[in-house]
Amino acid sequence: MIKITLPDGSVKSFEQGSTPMDVAKSISEGLARNIISASFNGLTVETSTKLTTDGSLVLYSWKNDEGKKAFWHSSAHVLAQAIEELYPKSKLTIGPAIDNGFYYDVDFGDESISDKDFKTIENKMLEIARGKHEFAMRSVTKADALSLYKDNEYKTELIENLEDGTITFCDHSTFTDLCRGGHIPNTGIIKAVKILSVAGAYWRGDENKPQLTRVYGTSFPKQKELTEYLALLEEAKKRDHRKLGKELELFTFSQRVGQGLPLWLPKGAALRERLENFLKEAQKKAGYEMVVTPHIGQKELYETSGHYAKYGEDSFQPITTPKEGEEFLLKPMNCPHHCEIYNSAQWSYKDLPKRFAEFGTVYRYEQSGELHGLTRVRGFTQDDAHIFCTPDQLDTEFKNVIDLVLYVFGSLGFENFTAQVSLRDPEKPEKYIGSIENWEKAEQAIINAAKDKNLNYVIETGEAAFYGPKLDFMVKDALGRQWQLGTIQVDYNLPERFDLTYKGSDNESHRPVMIHRAPFGSLERFIAILLEHTGGNFPLWLMPNQVSVLTLSEKYEKYGEKVLTLLENHEIRALVDNRSETIGKKIREAEMSKTPYMIIIGEQEEAENKISVRQHGGEDLGTISVDEFAEIVKTEINKTKKQF
Ligand SMILES: [Zn+2]
Ligand SMILES: [Zn+2]
């Protein structure tokens with residue numbers, strides 16, 4: 001008999017050779033029907049793997065990430081079989097599960113595939129799936145593995161790099177693939193498939209190697225789920241920040257300026273300024289002081305910080321001065337500069353905390369293939385700040401930073417978020433810098449703060465950076481996608497490296513603790529996420545243009561100007577559209593630019609000294625006075641932008 005420990009801590013005895021599926025069945029038939037994957041002692045196993053030792057077993061369904069991974073990994077095998085049957089001359093290479101689906105890299109030889117072939121591949125996959133073929137793992141010798149793939153140089157290369165005795169194949173139906181395991185019980189669970197796209201991909205990501213075709217697909221246990229997912233993809237396409245950024249005239253890129261270097265257009269710059277001012281205002285109330293530092297720093301600065309040793313090779317290379325041969329680096333982060341600002345004076349414990357904030361533009365090298373709109377760029381502006389405090393102040397400072405982050409999320413309409421607390425691995429103290437006592441203090445401070453602020457948080461042990469524990473916020477956008485925003489990080493390393501000190505009440509010299517924090521992360525990435533979250537319908541307080549005054553004809557220009565002045569007196573941002581266009585066209589254009597309110601004025605409105613108001617999306621608010629309208633706007637703004 002073997003003893004199996006389940007996640008709830010219960011221990012049950014089973015015959016030696018029982019499988020995870022047997023364990024599931026012993027709990028309930030209903031559970032067994034939903035189990036598609038398992039892990040044993042932390043390693044992924046098949047639901048049919050015979051267990052021969054005591055250990056802990058976790059069972060996964062489609063609802064778990066691990067279950068989805070097994071589902072999509074198995075679907076990749078089915079895709080590979082379909083391709084092999086439809087294109088007998090093709091050569092299969094690798095095909096992993098990814099977020100929301102899977103892909104397979106294929107050498108199609110002289111043939112090529114396009115959208116037109118997707119349906120045929122999908123039908124073939126479904127035909128295979130319906131066969132309810134079981135996935136079965138088996139070990140093979142290196143010689144046998146090489147012989148099966150003697151005509152496939154890609155698989156041969158993979159096998160060459162494996163050690164004899166560790167090589168496994170997976171069989172299902174008439175198909176075999178080189179594989180390490182982790183499958184669903186059988187193909188019949190795959191009820192809906194979709195080939196999404198094809199793209200070029202170099203073998204092993206190396207542009208000197210052959211170019212393959214990457215076939216992307218996804219699959220689901222229910223047709224309904226696939227339909228919903230495709231609708232979500234469609235919506236995501238509409239909300240793509242690159243598309244919206246162009247339509248709303250926020251930013252652009254120029255090949256001549258350089259890849260990954262966004263150029264902000266007037267409307268985008270106004271949006272950034274509004275976001276900056278919003279945060280500056282809150283930061284001022286929270287006791288931050290603004291600082292400004294240059295875009296470059298001496299190489300030595302980053303040698304001191306340790307960044308050069310760690311990232312130097314993969315960064316923009318140093319700029320040198322022509323005569324002195326001095327070396328400078330484009331600033332990849334603001335922290336070292338801020339440490340030197342701290343070092344410019346002597347501090348006593350009574351002066352702390354010092355909170356230095358800067359909208360600091362930094363530059364990081366990203367490979368051109370990795371660049372993506374505003375989310376992966378080479379130059380971006382962080383809403384950065386560094387807090388230097390005594391270890392005893394950490395608790396309060398952490399709580400204050402959380403308040404600020406929550407204020408930012410709330411004002412921008414991110415209501416759905418969780419927090420992750422990353423702690424050190426207490427078994428491996430050698431991995432971390434700083435005293436155990438300080439780590440304990442910091443970790444407790446973070447957990448206390450998270451509890452105190454009623455955050456929905458999870459603790460990840462062993463996920464801390466070597467220099468300190470941290471708290472990350474994971475935000476879900478309107479399409480259910482998860483983004484990491486608003487990191488708060490404790491740092492014991494830089495104060496050490498920059499020899500930062502303060503005089504304590506004991507008159508001795510002490511090390512301050514440093515906190516890095518950036519609620520937005522960077523303005524570029526944040527605006528991208530905000531665009532996709534809101535579809536461009538930003539909260540009213542943030543909208544560059546809140547109201548468009550549309551005249552029925554040029555006759556009403558004077559009245560339009562009067563309405564504009566009244567609106568401006570109420571601090572409402574508006575413009576007048578007095579072109580000799582039809583009112584229909586003016587409304588359409590205002591709708592396109594996501595203007596929240598349209599005010600329509602003509603003869604009747606002028607005679608009554610009123611305005612007709614239409615909301616974005618078409619709702620008619622009737623004919624009212626400007627003062628009444630201003631009340632509506634104020635109420636709407638106060639709904640999102642709370643007081644800090
Ligand atoms: Zn596999
Ligand atoms: Zn920093």
Side-chain angles (χ1 to χ4, degrees), residues 36-37 44-49 66 69-81 92-98 102-104 128 133-140 145 155 158 167-173 175-187 190 219 288 291 293 297 301-302 304-307 310-311 331-342 354-362 364 380-389 401 465 467-468 470 472 486-495 497-498 500 512-522:
I36 57 175
S37 168
T44 302
V45 292
E46 307 290 301
T47 54
S48 60
T49 299
E66 292 84 352
K69 194 175 166 205
F71 193 91
W72 286 324
H73 168 89
S74 307
S75 302
H77 281 299
V78 176
L79 169 64
Q81 184 183 1
L92 297 165
T93 70
I94 55 159
I98 51 174
F102 51 90
Y103 69 76
Y104 218 108
I128 297 165
H133 306 290
E134 284 177 11
F135 292 95
M137 296 296 295
R138 70 180 148 104
S139 293
V140 285
K155 294 279 192 195
L158 294 174
I167 302 170
T168 49
F169 277 175
C170 172
D171 302 314
H172 78 270
S173 172
F175 181 76
T176 295
D177 207 343
L178 177 68
C179 175
R180 275 194 292 260
H183 306 94
I184 56 177
N186 68 72
T187 61
I190 304 167
S219 56
Y288 289 78
V291 295
T293 64
L301 179 70
Y302 300 101
T304 306
S305 71
H307 291 118
K310 206 155 183 219
Y311 304 110
K331 176 165 80 175
M333 57 263 298
N334 308 298
C335 343
H337 286 78
H338 290 189
C339 285
E340 284 304 289
I341 289 183
Y342 181 90
K354 294 306 294 178
R355 308 180 189 91
F356 297 137
E358 176 177 20
F359 285 90
T361 302
V362 297
R364 293 185 192 167
F380 53 94
T381 302
Q382 294 179 310
D383 56 324
D384 214 356
H386 296 98
I387 300 168
F388 302 88
C389 64
V401 177
Y467 53 85
K470 63 174 175 169
D472 288 315
T487 296
I488 317 173
Q489 170 100 51
V490 177
D491 190 342
Y492 291 114
N493 181 41
L494 290 184
R497 283 179 168 268
F498 281 89
L500 309 183
V513 188
M514 188 172 171
I515 301 175
H516 310 251
R517 45 107 283 185
F520 295 147
S522 80

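Both counts, for ligands and for their atoms, begin at 1 and track the order of listing. Because the structure is a prediction, the values reported are computed rather than measured.
- What you find for A80 and Y104 is that their closest heavy atoms are CB-CE1, 3.5 Å.
- Distance alone, capped at 3.5 Å, is enough to place a donor-acceptor pair between the T168 side chain and the C179 backbone.
- The aromatic rings of F356 and H338 sit perpendicular to each other, their planes meeting at more than 60°, with 30° as the lower class boundary.
- In this view, H516 and H386 satisfy the ring-ring contact (aromatic ring centres under 6.0 Å, His included) rule, not counting sequence neighbours.
- Neighbouring protein atoms of the Zn ion (ligand 1) (N, O or S, distance under 2.8 Å, waters ignored): H73 NE2, H77 NE2, C179 SG, H183 NE2.
- When all heavy atoms of G95 and A76 are compared, the pair lying nearest together is O-CB, 3.4 Å.
- Nearest N, O or S atom of H386 to the Zn ion (ligand 2): atom NE2.
- Across all their heavy atoms, D383 and S522 have their closest contact at OD1-N, 4.2 Å.
- Look at H338 and the Zn ion (ligand 2): no N/O/S atom of the residue is under 2.8 Å from the metal.
- Between the E46 side chain and the A136 main chain, no donor and acceptor come within less than 3.5 Å of each other.
- Shortest distance from the Zn ion (ligand 2) to H516 is reached at ND1 (N/O/S atoms only).
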